[in-house]
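Have a look at the structure below before the remarks.
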Amino acid sequence: MADGPAVVVVLGGINMDLIGTAPRLPAPGETVRGERFYTAPGGKGANQAVAAARLGARVRMVGRVGDDVFGPGLLHGLRGYGIDVSGVAVDPERASGIAIILLDAQKQNHIVAIYGANMGCDGDQLRAVESALDGADSLLLQHEVPIEISAAAARAAKKRGVRVIWDPAPAADIPPAAYSDLDIITPNQTEAEYLTGVSVGDVDSAREAAEVLLEMGAAVAVVKLGGMGVYFASDGASGHVTSYKVNVVDTIAAGDGFGGALAVALAEGRGLEDAVRYGSAAGARWP
Ligand code: RIB
């Protein structure tokens with residue numbers, strides 16, 4: 001059990017989300033009349049950071065924003081949650097990351113992200129992570145900054161005994177050598193299928209995909225199944241946690257809320273199954 005609050009380092013995407021609601025997605029060439037438009041700070045890394053901070057963790061964010069209209073607001077928003085943004089650089093050339101998000105009548109989200117400054121993360125951000133790891137419990141990583149920087153950060157954390165939680169979102173290849181640095185990998189169905197080749201549609205196929213991820217070198221695989229819950233597997237324990245039934249108002253970033261909460265729960269000394277349940281509750285309640 002940690003003595004004080006959990007200390008969580010996040011290297012990842014910081015985006016401004018441009019969100020529109022519509023009854024359905026347009027077909028090619030079609031215009032559909034939408035209902036509402038709003039902006040909200042997002043990015044998978046920033047969302048995880050906010051989730052952990054809301055649950056009482058001390059959070060250190062590392063990444064990049066642009067020197068543009070969105071950059072200051074994104075930093076201000078993170079600071080508002082008490083998140084240390086001294087590891088976030090302002091990129092003089094690239095625009096801030098943005099995500100164009102359509103929410104349909106079923107509250108499903110459809111996202112196109114343009115990562116801009118996030119993809120400028122380089123050795124400077126790796127060094128910022130290395131300093132931030134001092135005294136940290138967990139490092140949270142996703143796929144919205146260059147993967148080789150995330151893999152190097154995972155290596156650095158592993159060497160220092162800091163838990164590495166890797167959310168492979170959006171789906172992309174992970175360097176094979178990086179798997180052995182991953183304490184926990186947390187794909188959703190699409191990502192699990194991308195990484196393992198197993199078509200994930202239910203708990204049995206999630207188990208199969210999780211076993212492949214363990215064979216690839218991850219110590220723990222946690223497969224998020226949306227309304228079907230979460231399947232988790234490690235050498236020592238495996239199981240299925242059912243989802244919390246909530247009135248769905250918005251599915252954007254529920255998986256990010258899960259990741260931030262999972263990190264806090266494990267840092268607080270909860271066992272894997274309990275931490276997965278805690279993460280599920282946070283994901284269901286997000287935003
Ligand atoms: O996971 C949700 C996030 O994905 C959004 O906040 C958006 O910025 C995209 O990165």
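Both counts, for ligands and for their atoms, begin at 1 and track the order of listing.
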### Task
Measure the distance from atom 10 (O) of ligand 1 to every protein heavy atom, then report the residue, atom name and distance (to 0.1 Å) of the closest one.
E144 OE2, 2.5 Å
### Nearest-contact summary for atom 4 (O) of ligand 1 - protein heavy atom, Å
K44 NZ, 3.1 Å
Are [X] and [Y] close enough for a salt bridge, meaning some N to O gap below 4.0 Å?
X	Y	answer
R64	D122	yes
R277	E273	yes
R155	E130	no
R163	D183	no

### Query
Are any non-hydrogen side-chain atoms of I14 and M61 less than 4.5 angstrom apart?
yes
### Message
When you compare the side chain of S150 with that of L11, does any pair of heavy atoms fall below 4.5 Å?
### Response
yes
Could you tell me which atoms of ligand 1, counted from 1 in the order shown, lie closer than 4.0 angstrom to a heavy atom of [X]?
X	result
D256	1 (O), 2 (C), 3 (C)
A99	7 (C), 8 (O)
D17	5 (C), 6 (O), 7 (C), 8 (O)
G42	6 (O), 8 (O)

### Query
Counting only heavy atoms, which portion of N47 has something under 4.0 Å from ligand 1: side chain, backbone, both, or neither?
side chain
### Distance-only N or O hit between ligand 1 and A113, under 3.5 Å
no
